[in-house]
A.B. asks: 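The structure follows.
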Amino acid sequence: MKITPIALYDILLKEFGNLNWWPKDKKYHEKNSSDPRFEVIIGTILTQNTAWSNVEKAINNLKEKNMLDIKKISRSDMVILPNLIKPSGYFNQKAERLKNLAMYIYNNYNGNLDLFFNRNPQEIRDELLSQNGIGPETADSILLYAGNLPIFVVDAYTKRICQRIPFKVDIKYDEIQDFFQSELSKLYKANKLTKVYNELHAQIVILGKTYCKKKPNCIECPILKNCNFGIQLSK
DNA sequence: GTCCAGGGCCGTT
DNA sequence: AACGGCCATGGA
């Protein structure tokens with residue numbers, strides 16, 4: 001049975017409901033009057049090729065030291081910071097990346113994320129991509145989940161699912177992103193796209209973690225009947 | 001013990 | 001353009 005990105009979204013929305021990503025600690029930010037968008041930005045770097053459970057440990061360490069702050073990260077000691085984020089893995093690289101980005105935003109936008117995000121998304125994206133350690137997925141996650149901008153995030157799960165279904169699209173980041181964005185904007189109005197991209201990427205991650213793993217669990221997968229990979233497997 | 005996770009960079013073909 | 005090695009922890 002043929003499936004489109006729109007149909008995929010329908011199925012996953014029924015299966016998982018609204019997930020309201022990105023995961024963040026609202027209570028913490030209310031209590032400390034800190035900016036939850038910066039927690040998202042930190043999370044996008046810490047979760048690079050890393051299980052989220054490990055990222056949570058790192059973020060908790062930052063909270064305990066009151067370091068979940070753009071100014072403090074931008075001035076952090078490069079012995080202390082890697083140590084705090086150690087559970088997230090690649091901690092030396094990630095500490096550099098975090099500090100560089102925090103310094104960039106702090107120096108050029110006075111740490112003001114409203115100023116940073118209130119521009120043409122393409123311009124912000126190019127700027128993010130020019131930073132060391134920020135590739136397309138991290139940049140787009142920042143745009144979508146911190147900036148609330150209508151940019152679809154492609155990750156390893158998205159690529160895997162595109163191949164397994166399969167969608168008729170070249171397996172490259174930009175091609176897949178263009179494919180999802182052009183398909184979904186056929187049905188949804190421009191002012192709904194941020195919400196749709198937010199939910200669909202979140203649902204794809206859950207689908208990937210739960211069913212469409214490297215070693216997949218197709219039998220219980222909600223898109224079994226719409227996926228060539230699962231159909232072949234169940235024969 | 002082995003495999004894997006919500007990538008990205010760099011050097012080599 | 002494409003590919004391999006590298007970065008590293010913690011849970012399954």
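In what follows, chains are A, B, ... by sequence order, proteins preceding strands, each numbered from 1.
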A.B. asks: Would a single hydrophobic cluster contain both A:Ile42 and A:Ile105, if residues Ile, Leu, Val, Met, Phe, Trp and Tyr are joined by side-chain heavy-atom contacts under 4.5 Å?
C.D. replies: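 Result: yes, single cluster for both.
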A.B. asks: Quick check for you: to the nearest 0.5 Å, what is the distance between A:Asp25 atom CG and A:Glu30 atom CD?
C.D. replies: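 These two atoms lie 9.5 Å from each other.
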A.B. asks: Need one value for A:Asn54: base, sugar-phosphate or nothing, where a base atom within 4.0 Å counts as base even if backbone is also close, heavy atoms only.
C.D. replies: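 Base contact.
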A.B. asks: With a 4.0 Å cut-off on N to O distance, would you call A:Lys24 and A:Asp35 a salt bridge?
C.D. replies: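 Not counted as a salt bridge, because no side-chain N and carboxylate O are separated by less than 4.0 Å.
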A.B. asks: Contact class for A:Lys94 vs. all strands (heavy atom < 4.0 Å): base, sugar-phosphate, or nothing?
C.D. replies: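 The residue A:Lys94 makes no contact with any strand.
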A.B. asks: In terms of side-chain heavy atoms, does A:Lys195 have a donor or acceptor partner in A:Asn20 at a distance below 3.5 Å?
C.D. replies: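 The answer is yes; a qualifying pair exists.
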A.B. asks: With distance as the sole criterion, is a donor-acceptor pair present between the side chains of A:Glu183 and A:Thr4 under 3.5 Å?
C.D. replies: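 On atom types as modelled, these side chains do not qualify, holding no pair under 3.5 Å.
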A.B. asks: Return whichever of A:Lys172 or A:Lys57 has its heavy-atom-nearest nucleotide of DNA chain C closer to the 5' end.
C.D. replies: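 Taking each residue's closest nucleotide, the earlier one in sequence belongs to A:Lys172.
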A.B. asks: Between A:Arg97 and A:Gln131, do the side chains contain a donor N or O and an acceptor N or O under 3.5 Å apart?
C.D. replies: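 Short answer, no.
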A.B. asks: Can you tell me if the side-chain N/O atoms of A:Arg160 get under 4.0 Å from OP1 or OP2 in B:dC4?
C.D. replies: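 The answer is no; no side-chain N or O of A:Arg160 sits under 4.0 Å from OP1 or OP2.
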A.B. asks: Which part of the nucleic acid, if any, lies within reach of A:Lys215 when heavy atoms closer than 4.0 Å are counted: base, sugar-phosphate only, or nothing?
C.D. replies: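 It contacts nothing in the nucleic acid.
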A.B. asks: For A:Pro23, report the nucleic acid contact type (base, sugar-phosphate, nothing); a contact means any heavy atom under 4.0 Å.
C.D. replies: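 The answer is base, as A:Pro23 lies within the cut-off (heavy atoms under 4.0 Å) of a base atom.
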A.B. asks: For DNA chain C, which nucleotides open and close the run of contacts to chain A, 5' to 3', at under 4.0 angstrom from a non-hydrogen atom?
C.D. replies: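 Both ends considered, the range comes out as C:dA2 to C:dG11.
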A.B. asks: When you check the side-chain N and O atoms of A:Asp126 and A:Gln122, is any donor under 3.5 Å from an acceptor?
C.D. replies: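 Per modelled atom types, A:Asp126 and A:Gln122 side chains form a pair under 3.5 Å.
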A.B. asks: Do side-chain atoms of A:Lys94 reach the backbone of A:Ser88 as a donor and acceptor pair under 3.5 angstrom?
C.D. replies: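 Side chain of A:Lys94 to backbone of A:Ser88, a donor-acceptor pair under 3.5 Å: yes, one is there.
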A.B. asks: Output the distance between atom CD1 (A:Ile223) and atom CD1 (A:Ile161), rounded to the nearest 0.5 Å.
C.D. replies: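 Answer rounded to 0.5 Å: 6.0 Å.
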A.B. asks: Could you go through A:Tyr197 and A:Gln181, starting from their C-alpha distance and side-chain angles, then the distance that decides it, and tell me whether this counts as side-chain hydrogen bond (donor to acceptor under 3.5 Å, both in side chains)?
C.D. replies: CA-CA 8 Å; A:Tyr197 295 161; A:Gln181 291 186 167; 4.9 Å; no
A.B. asks: Separation of A:Ile85 atom CD1 from B:dG7 atom P, in whole Å?
C.D. replies: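 One finds 16 Å between P of B:dG7 and CD1 of A:Ile85, rounded.
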A.B. asks: Under 4.0 Å, heavy atom to any atom of DNA chain C: which of residues 6-17 of chain A qualify?
C.D. replies: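 When residues 6-17 of chain A is checked for heavy atoms under 4.0 Å from DNA chain C, there are no hits whatsoever.
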A.B. asks: How does each nucleotide of nucleotides 8-13 of chain B score, in 5' to 3' order, for protein heavy atoms under 4.0 Å: base (B), sugar-phosphate only (S), or none (-)?
C.D. replies: SSS---
A.B. asks: Expressed as a whole number of Å, how far does the P atom of C:dA8 sit from that of B:dC10?
C.D. replies: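 Comparing P positions in C:dA8 and B:dC10 gives a spacing of 14 Å.
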A.B. asks: Are A:Tyr145 and A:Asp140 linked by a side-chain donor-acceptor pair shorter than 3.5 Å?
C.D. replies: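 No.
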